[in-house]
Trainee: 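To start, I am sharing the structure in question, which I have written as structure tokens.
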Amino acid sequence: VQIGGNLYVGGAFTSPRSFLMEVNATNNAYIPTWQPVVDAEVRALATDTSQTRIVEGGFQQCPVGSGCDGRIGIGAVNTTDGSFVPFAYSGPPTFIPPPGFPYRPFQVIQMTQDGNTLFASGTGNGGTALSLNMEDGTLNWQAGFNGNVVGIGVTDGVLYAGGHYSTYCGPVPGNNFFCA
């Protein structure tokens, strides 16, 4: 995302810092004062209309107290120094699977927004589409599917979701093992 003359970039990179960084949009110079903490790849970024926070989504599975503040798949940081800012939605509860259980954690793949409404698509044990308030992270609604939701778009107030799923599971997190 771009705010003013700077770009906020997410990805799988580990240099000059890991997963999130700020660069000058004119000369591509790395800006080391923005130092958000995430523990894995960032796949999607969005900014609120006031441009004071960046919502990031990806593959992180941060335990509470790790610097990521318990985020699972999604969180928000300020645009000043990258420190965590309150964001009500932090992903589904952490699940410790039994040995041999085919578990995939929640991962945000793509985000789009309509004003201060953020929409996110994700993977995991099934796929999930979310609608969140960009300012505080409160969940407006969630929609679960029996396969990953890898793309979303919004036009004229309608959200479109694409992925490799065959069944809508309802207003629950996705589940590829059981859909009522």
Side-chain angles (χ1 to χ4, degrees), residues 1-4 6-13 17-23 25 34 36-62 68-80 82-93 104-145 147-165 168-169 171-174:
V1 296
Q2 183 171 357
I3 298 175
N6 294 336
L7 294 173
Y8 296 84
V9 182
F13 52 84
R17 62 171 285 106
S18 297
F19 314 121
L20 279 169
M21 70 178 175
E22 180 182 13
V23 297
W34 194 65
V37 176
V38 293
D39 67 352
E41 180 178 339
V42 172
R43 297 290 301 256
L45 296 172
T47 185
D48 61 348
T49 56
S50 67
Q51 298 187 329
T52 59
R53 68 178 54 216
I54 303 275
V55 178
E56 50 79 20
F59 292 8
Q60 66 266 24
Q61 296 290 303
C62 303
C68 286
D69 297 312
R71 291 180 248 175
I72 299 178
I74 195 165
V77 296
N78 73 39
T79 55
T80 306
S83 60
F84 175 76
V85 294
F87 198 73
Y89 185 83
S90 61
R104 286 180 44 101
F106 178 67
Q107 301 168 331
V108 172
I109 299 295
Q110 187 179 7
M111 288 192 259
T112 191
Q113 63 194 100
D114 188 4
N116 265 347
T117 300
L118 177 70
F119 300 98
S121 65
T123 70
N125 283 323
T128 302
L130 303 168
S131 171
L132 301 162
N133 178 311
M134 178 76 85
E135 291 297 323
D136 62 10
T138 54
L139 180 66
N140 298 323
W141 54 259
Q142 65 182 337
F145 300 86
N148 296 340
V149 181
V150 297
I152 54 172
V154 63
T155 187
D156 296 329
V158 177
L159 181 72
Y160 296 89
H164 53 88
Y165 55 84
Y168 168 66
C169 300
V172 297

Trainee: Report the distance from atom CD of Glu22 to atom CG of Asn6, rounding to the nearest 0.5 Å.
Mentor: 4.5 Å
Trainee: Would you say Asp156's side chain and Val158's backbone share a donor-acceptor pair under 3.5 angstrom?
Mentor: no
Trainee: Between Asn133 (side chain only) and Gly137 (backbone N and O only), is there a donor and an acceptor less than 3.5 Å apart?
Mentor: no
Trainee: Decide yes or no on side-chain contact (heavy atoms from CB on, under 4.5 Å) for Leu132 and Ile74, but give the supporting numbers first.
Mentor: CA-CA 11 Å; Leu132 301 162; Ile74 195 165; 3.7 Å; yes
Trainee: Hey, are Ser131 and Asn140 close enough side-chain-wise for a donor-acceptor pair under 3.5 Å?
Mentor: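 Yes, Ser131 and Asn140 have a side-chain donor paired with an acceptor closer than 3.5 Å.
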Trainee: Using a 4.5 Å cut-off on heavy atoms from C-beta on, say whether the side chain of Ile109 contacts that of Val149.
Mentor: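 Contact flag for Val149/Ile109 side chains = no.
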Trainee: Heavy atoms, side chains only, cut-off 4.5 Å: are Val172 and Thr128 in contact?
Mentor: no
Trainee: Could you state the interatomic distance from CD (Gln107) to CD (Gln61), rounded to the nearest 0.5 Å?
Mentor: 7.0 Å
Trainee: Could you tell me if the side chain of Leu159 sits less than 4.5 Å from the side chain of Ile152, heavy atoms only?
Mentor: yes
Trainee: Could you tell me whether a side-chain N or O of Asp114 sits under 3.5 Å from a main-chain N or O of Thr117, the two making a donor and an acceptor?
Mentor: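 Looks like no, no N/O pair under 3.5 Å.
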Trainee: Would Thr138 and Phe87 count as a side-chain contact (heavy atoms from CB on, under 4.5 Å) if you check the C-alpha gap in whole Å, the side-chain angles of each, and the deciding distance to 0.1 Å?
Mentor: CA-CA 7 Å; Thr138 54; Phe87 198 73; over 6 Å; no
Trainee: Is Trp34 close to Ile54 at the side-chain level, that is, under 4.5 Å between some pair of heavy atoms?
Mentor: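 Yes; the side chains approach each other to less than 4.5 Å.
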Trainee: Any idea which heavy atoms bring Gly122 and Phe106 closest together, and the distance?
Mentor: CA-CE1, 4.2 Å
Trainee: Identify the two heavy atoms, one from Phe145 and one from Cys169, that lie closest to each other, and give their separation to 0.1 Å.
Mentor: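 Looks like C-SG, 3.6 Å.
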Trainee: Work out which heavy atom in Arg53 is nearest to a heavy atom in Pro86; give both atom names and the distance.
Mentor: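 Closest approach of Arg53 to Pro86: NH1-O, 3.1 Å.
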Trainee: I need the Gln113 CD to Thr49 OG1 distance, nearest 0.5 Å.
Mentor: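 Nearest 0.5 Å value for the CD-OG1 distance: 8.5 Å.
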Trainee: To the nearest 0.5 Å, how far apart are CH2 in Trp141 and CZ in Phe119?
Mentor: 6.0 Å
Trainee: Please lay out, stage by stage, how Gln110 and Ser121 fare under the test side chain to side chain donor-acceptor pair (under 3.5 Å).
Mentor: CA-CA 5 Å; Gln110 187 179 7; Ser121 65; 4.6 Å; no
Trainee: Kindly say whether Gly4 contributes a backbone atom to a donor-acceptor pair with the side chain of Gln2 at under 3.5 angstrom?
Mentor: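 Checking the backbone N and O of Gly4 against the side chain of Gln2, a donor-acceptor pair under 3.5 Å is found.
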Trainee: Say you draw a straight line from NE2 of His164 to CG of Asn148; how long is it, rounded to the nearest 0.5 Å?
Mentor: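 CG of Asn148 is found 3.5 Å from NE2 of His164.
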Trainee: Give the minimum heavy-atom separation between Gln60 and Glu41, together with the two atoms involved.
Mentor: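 Distance-wise, the nearest heavy atoms are OE1-O, 4.0 Å.
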Trainee: Please round to the nearest 0.5 Å and tell me the distance separating atom OG1 of Thr47 and atom CD of Glu56.
Mentor: 12.5 Å
Trainee: How about Leu118 and Leu130: do any of their side-chain heavy atoms sit closer than 4.5 Å?
Mentor: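 Of all side-chain heavy-atom pairs linking Leu130 with Leu118, none is under 4.5 Å.
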Trainee: Quick check: do Ile3 and Gln51 have side-chain heavy atoms less than 4.5 Å from each other?
Mentor: yes
Trainee: Is there a side-chain contact between Val55 and Met111 in this structure, where contact means two heavy atoms from C-beta onward sitting under 4.5 Å apart?
Mentor: yes
